[in-house]
Amino acid sequence: LKLNVRAIPDTWEILEQINGYLFEWDANDHRDGQTDIGVIAQEIEKVLPDVVTTRDNGYKAVKYEKMVALLIEAVKEQQNQIDDLKTIIDGYSK
């Protein structure tokens with residue numbers, strides 16, 4: 001059911017442009033004052049526009065489940081870098 005399947009390019013460049021935040025909901029939200037954790041939709045929208053939707057009320061929302069694939073690829077890329085560095089270190093220690 002999927003066409004044009006390809007790897008996500010530049011995962012680190014994308015992740016470097018977004019941040020995770022702790023925040024409190026304001027009085028206009030039913031979670032008034034509750035602490036939450038998340039991202040800023042406007043930051044995500046700049047680098048992953050398909051992951052953000054604008055609701056009927058005009059507020060933006062992040063489709064967090066769509067970010068999982070990016071995070072998986074970023075972890076794999078990081079692990080490859082770690083493995084490369086371990087190989088270099090092992091070469092020096094012998």
Side-chain angles (χ1 to χ4, degrees):
L1 296 175
K2 296 177 174 108
L3 303 171
N4 197 21
V5 175
R6 58 202 181 280
I8 301 169
D10 308 319
T11 54
W12 281 115
E13 288 79 9
I14 294 169
L15 286 177
E16 287 178 337
Q17 296 178 61
I18 59 179
N19 299 290
Y21 297 96
L22 290 172
F23 61 92
E24 284 77 40
W25 291 97
D26 70 19
N28 295 323
D29 189 272
H30 68 278
R31 296 161 284 202
D32 178 19
Q34 291 181 17
T35 299
D36 210 340
I37 188 169
V39 294
I40 303 297
Q42 290 80 357
E43 283 183 6
I44 304 297
E45 190 172 42
K46 288 178 185 174
V47 292
L48 297 168
D50 295 335
V51 174
V52 176
T53 186
T54 303
R55 296 180 177 154
D56 292 339
N57 62 8
Y59 290 115
K60 295 190 178 291
V62 176
K63 301 177 208 167
Y64 283 91
E65 70 280 2
K66 296 214 174 258
M67 295 179 65
V68 172
L70 173 72
L71 298 173
I72 288 169
E73 289 304 308
V75 169
K76 287 169 38 181
E77 184 178 322
Q78 185 178 46
Q79 187 61 48
N80 287 337
Q81 292 173 350
I82 291 168
D83 291 344
D84 290 346
L85 290 171
K86 288 167 93 177
T87 300
I88 293 168
I89 291 169
D90 288 346
Y92 283 117
S93 64
K94 292 182 180 181

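Model, not experiment: these values are computed from the prediction.
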For this session: Taking side chain to side chain donor-acceptor pair (under 3.5 Å) as the test, write out the residues that go with Thr35, two or more places apart.
Result: Glu24
Seminar exercise, completed: For residues 47-59, the salt bridge (charged side-chain N to carboxylate O under 4.0 Å, His left out) pairs (sequence neighbours left out) are none
For this session: Applying side chain to side chain contact (heavy atoms under 4.5 Å, CB included), name anything that partners Asp10, two or more places apart in sequence or on another chain.
Result: Glu13
Exercise. In the hydrophobic clustering that connects Ile, Leu, Val, Met, Phe, Trp and Tyr at side-chain heavy-atom distances below 4.5 Å, which members other than Val62 occupy its cluster, ordered by chain and number?
Worked result: Ile8, Trp12, Ile14, Leu15, Ile18, Val39, Ile44, Val47, Leu48, Val51, Val52, Tyr64, Met67, Leu70, Leu71
Problem set entry | All side chain to side chain contact (heavy atoms under 4.5 Å, CB included) counterparts of Asp84, not counting sequence neighbours | none
Problem set entry | Contacts of Asn19 that satisfy side chain to side chain donor-acceptor pair (under 3.5 Å) - sequence neighbours left out | Tyr21
Exercise. Taking only residues two or more places apart in sequence or in another chain, which ones pass side chain to side chain donor-acceptor pair (under 3.5 Å) with Gln79?
Worked result: Asp83
Problem set entry | Non-neighbouring partners of Lys60 that pass salt bridge (Lys or Arg N to Asp or Glu O under 4.0 Å), sequence neighbours left out | Glu45
Seminar exercise, completed: Residue set satisfying salt bridge (Lys or Arg N to Asp or Glu O under 4.0 Å) with Lys63, at least two apart, ordered chain then number -> none
For this session: Output all residues satisfying side chain to side chain donor-acceptor pair (under 3.5 Å) with Asn80, sequence neighbours left out; order by chain, then residue number.
Result: none
Exercise. How far apart are the closest heavy atoms of Trp25 and Asp36, and which atoms are they?
Worked result: NE1-OD2, 3.0 Å
Seminar exercise, completed: Quick note, side-chain hydrogen bond (donor to acceptor under 3.5 Å, both in side chains) partners involving residues 66-76, not counting sequence neighbours, are Glu73-Lys76
